[in-house]
Each structure stands twice: as structure tokens, then as C-alpha cells.
Amino acid sequence: MKSEKTSASRMVEAGRSHAINPGPVNPPIVRASTFLFDTLADFQKAGSRPFDGAFYGRVGTPTTFAFEDAICEIEGGHRSIATASGLAAISATLLACLEKGDHLLMVDTVYDPARRFANRTLKRMGVDTTFYDPALGDDIASLIRPETKLIYLESPGTGTFEVQDIAAIVRAAKKAGVRTAIDATWATPLLLRPLEHGIDISIHAATKYIVGHSDAMLGVVTANAETYDDVRRATQDMGASAGIEECNLGLRGLRTLELRLRRHEASALELARWLEKRPDIAKVYHPALPGAAGHEFWSRDFDGASGVFSVELHKRHPDALRSFVDALDMFRIGFSWGGFESLVLPAHPETRTLPLWNDRGPIIRLQIGLEDVDDLRADLERALDGLQGLAE
Ligand SMILES: *Cc1c(COP(=O)(O)O)cnc(C)c1O
């Protein structure tokens, strides 16, 4: 039944079995630390399977379970687990899969706080990390050691938007008995369902497009049956449970995700193509543009594009970055993306391990919001025209 429906329909229906029937459309918001039991036997029964129902607030309430079930229905995993943030979902996944003496293969285009978790916390635990080129496919096999326990992907990375060859990496990982996890935040569960491609663990910063309104922090990790228990234990050990209001906002966001994402996609593509033709832009980094790194994998695996991409200015003038960013009016400067509003942020690929990114012009990430695309284009045009005033 489920698989016959389109993703758009599933976004609307998923998790709704938790609603009171007959009653309101949405599952109720259940805020609780404590759940009460009539008999000691009932209490002990609930405690013997603490992840399978309302037991204690940190494990979740029916609101948490509604959000988790919704994501799991869409992603097609064994179960999903909501976390306090996207980073908590990442950290829990890494802790679930790695212990002292293990080796981690992490993509070099990884979200920077995840890199820091590897370089600080995992290192302190005695886990060794190798950062690998996002262009690696089958050749990743040459980096796998006997003690390699996890290959961590992020596709596309959200600085310069390289798309990875998931199929090749999963093939190499399975052959070596190594687990795989992916941060698929850019795509959302609408555009990429990693477990269908053989990935073990899929991670989303729901803070971004799923919540969609820049007003909550929320993460979610979906695991297959082989990895679920480990991931669930790690999220509980960290104690970084998702807030109840946040889970409700995640559910609310899912209902309009398809609609919003199609608009983000269309506006971003239109602007990316327009920017590509501007003489003041050295390069546009958008996975849906032919010639983008890993474009063929995007075409093969993804059901579309979201609304975040980067542009590179020419290296001409030291003030170009500041001049361009400060001249923008509708694009405000801020971390994050995935909300309704347009944002701009300098990207810093020079912090990567692999020496591919030295000697470039400034790279600037744009999140294309839901504003009118002609207004956004005019804003970009004005800011780019302003660069002409800078002395060469
Ligand atoms: C924002 C982000 C995260 C972290 O999510 P938070 O909810 O901010 O902790 C992880 N991965 C990617 C790709 C992100 O953009």
C-alpha cells in the first residue's frame, strides 16, 4: 500500500495514525516527563521495553513517536529517532558505530561541526578518522582498513555541493562489512531516501527544510534493523532528546514540505542558471547544473534539488566578498538554511583536509527562500553590479 503512494501523499499522511480518532486532524501535543501506571506489573512491563512506548519523557511521548513514525514511513527504514538537533543525530550515530581502536572514513566535505566531533571527541576516544575525497566511488575500498567500522557520507556537502556515488560506496562498504551513514539534510526525505540505496543510517537536520520556518532545532536519524538498537542506545546515552514542541513543528513542516521544496527548487535553479551567465561570477556550485561535481549521481539518485547552492566570485579584489554580502538586502546574513527566508553566508572550503580548495575566489552560499524570484534576482543583480565600483 505504502509504496504505491507518491512521496507527496506520504508527506501529508505520515504519522497521522497517532491522531485521536475521531478527533482533530493532528496528533495531540503530549508534554510529559512522567507517565503513570496503575500497577507495578504495568510499570515493569513498560520498563522492560522502554523504547516501545510512552515510559519516560526522555524516551519520547506520543508526539515524538508520531514524528518518528512519520519520518520512518517516508524514509523506509526500520525506525527513526528524533534528537535535540541535527548535530545530536550525527554525534549519536558516530558514537553508536565506533569505539576505541576503530577507524572512521568521513567525507571531506562534511558539515564542519561533524568534522570537529571527529577531530575532538572521537579522537579522544581513540578513534582514528580519515577524511576522503567526495569524488571517490569504488576506489574508497583502498582506504578501508581492517579496523574501519563506518563510512560517513554527506551528499551533497553544503559548501561546494559535490554529490557522492552512494551506490559505489555502499558496494565497497558491504563487501568489507563496514557500516554506512549519510547526512542527507540538503535533499530532505522527499528528494533522497538513502536506505533505499543500501545505506544503513540516514540523518537529517530537521532544523532546516523539515521544520522549514527557522524557529526550532530538531534532528532525526533513521536506522535499518541491523543498526537501530545501537543508534537508539547512543541517542539515549547522550540524553539529547528532541523537545515535544519541536517534534510537533517537525510534523507540521512535513505537511507542506513538498510544496515549499518545489518552490525553493524552481527559484534556486532559475537564479543559479542566471548567475552562471553573469561575468562577475567565476563558478556556480549547484548539483542540478550539468558539469557540477557528481551531477550524474544527482540525476541518478535524487528526485530533485532543494534551494541551497554556492557561487564563487572572481579573485580580483579583497573587498569583493564583503561588498557583495553587505549590499544584499533580501538575503540576510545568518547560519542555517531551509526556512522560508533567503540567506547568505560565506563558505570556507579552505578548512578542508584535502588541498583542493586553496587559491580560490570567495565562495558564498545562498539559500533561496520563498520570496518572489524576480525580487531576489534584482537584489543579487544590484549587489553584483556594485562590485564594478571596486578598483581592480
Ligand atoms: C545544520 C546542519 C546540521 C546540524 O543541524 P543542527 O540542527 O543545526 O544541529 C547537520 N548537517 C547539515 C548538512 C546541516 O546543514
Side-chain angles (χ1 to χ4, degrees), residues 67 71 80-95 106-118 120-121 131 134 152-164 166 181-192 194 199 201-222 231 234-235 238-243 245-247 249-250 253 257 261 264 268 285-287 294 298 302 305-310 333-339 341 343-349 351-352 363-369:
F67 175 66
I71 294 291
S80 301
I81 307 158
T83 57
S85 67
L87 185 57
I90 295 169
S91 308
T93 299
L94 295 170
L95 290 174
M106 184 174 251
V107 66
D108 198 37
T109 40
V110 72
Y111 179 65
D112 227 35
R115 178 194 298 277
R116 287 201 290 270
F117 188 83
R120 283 203 298 241
T121 305
F131 293 95
Y152 186 93
L153 303 83
E154 180 174 324
S155 186
T158 55
T160 44
F161 298 89
E162 293 87 341
V163 181
Q164 297 189 247
I166 295 176
I182 188 169
D183 181 338
T185 299
W186 181 85
T188 82
L190 187 72
L191 305 181
L192 180 73
I199 294 274
I201 302 166
S202 160
I203 297 164
H204 289 281
T207 305
K208 309 291 166 56
Y209 285 113
I210 293 176
V211 166
H213 294 72
S214 306
D215 54 1
M217 303 297 298
L218 182 64
V220 63
V221 42
T222 303
V231 177
T235 57
M238 284 172 62
S241 316
E245 304 290 345
E246 283 73 8
C247 287
L249 290 171
L257 181 63
L261 217 53
H264 286 294
Y285 299 87
H286 188 307
W298 174 81
F302 289 60
S306 62
V308 197
F309 65 94
S310 288
I333 305 164
F335 278 123
S336 195
W337 40 270
E341 80 289 7
L343 292 170
V344 58
L345 199 71
H348 291 290
T351 61
R352 288 186 200 160
I363 297 179
I364 300 163
R365 189 174 73 194
L366 298 170
Q367 128 93 0
I368 308 303

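All ligand and atom numbering here is 1-based and tracks the order in the structure.
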Look only at interatomic distance and state if Thr207 has a nitrogen or oxygen under 3.5 Å from any nitrogen or oxygen of ligand 1. yes

Residue part near ligand 1, for Ile203, under 4.0 Å between non-hydrogen atoms: neither

Element-labelled atoms of ligand 1 that are located less than 4.0 Å from some non-hydrogen atom of Lys208: 1 (C), 2 (C), 3 (C), 14 (C), 15 (O)

When you compare the side chain of Thr158 with that of Arg365, does any pair of heavy atoms fall below 4.5 Å? yes

Who's the nearest protein heavy-atom neighbour of atom 9 (O) of ligand 1, and how far? Leu87 N, 2.8 Å

Below 3.5 Å, N or O to N or O, backbone or side chain included: is there any such pair between Asp183 and ligand 1? yes

Heavy-atom donor-acceptor pair, Ser85 side chain to Met217 backbone, under 3.5 Å: no

So which protein heavy atom does atom 6 (P) of ligand 1 come closest to, and at what separation? Gly86 N, 3.3 Å

Between Gly86 and Ile203, the two heavy atoms sitting closest are O-CG2, 4.4 Å

If the cut-off is 4.0 Å to any non-hydrogen atom of Ser85, which atoms of ligand 1 fall inside it? 7 (O), 9 (O)

Might you point out which heavy atoms bring Ala268 and Gly307 nearest each other, and give the distance in Å? CB-CA, 3.6 Å

Report the part of Trp337 in contact with ligand 1, treating N, CA, C, O as backbone and CB onward as side chain, heavy atoms under 4.0 Å; options are side chain, backbone, both, neither. side chain

Is there a donor-acceptor pair under 3.5 Å between the side chain of His204 and the backbone N or O of Ser202? no

Is there a polar contact between ligand 1 and Met217, counting only N or O atoms under 3.5 Å apart? no

Quick one, Ile90 and Tyr152 - any side-chain contact, counting heavy atoms below 4.5 Å? yes

A cation-pi test, strictly: NZ or CZ of Arg352 under 6.0 Å from the centre of the six-membered ring of Phe131 and no more than 45 degrees from its axis. Yes or no? no

Do any nitrogen or oxygen atoms of Ala205 lie less than 3.5 angstrom from nitrogen or oxygen atoms of ligand 1? no

Taking Thr185 for its side chain and Ala205 for its backbone only, find out whether a donor-acceptor pair lies under 3.5 Å. yes

For Ile90, atoms of ligand 1 separated by under 4.0 Å from a heavy atom: 10 (C)

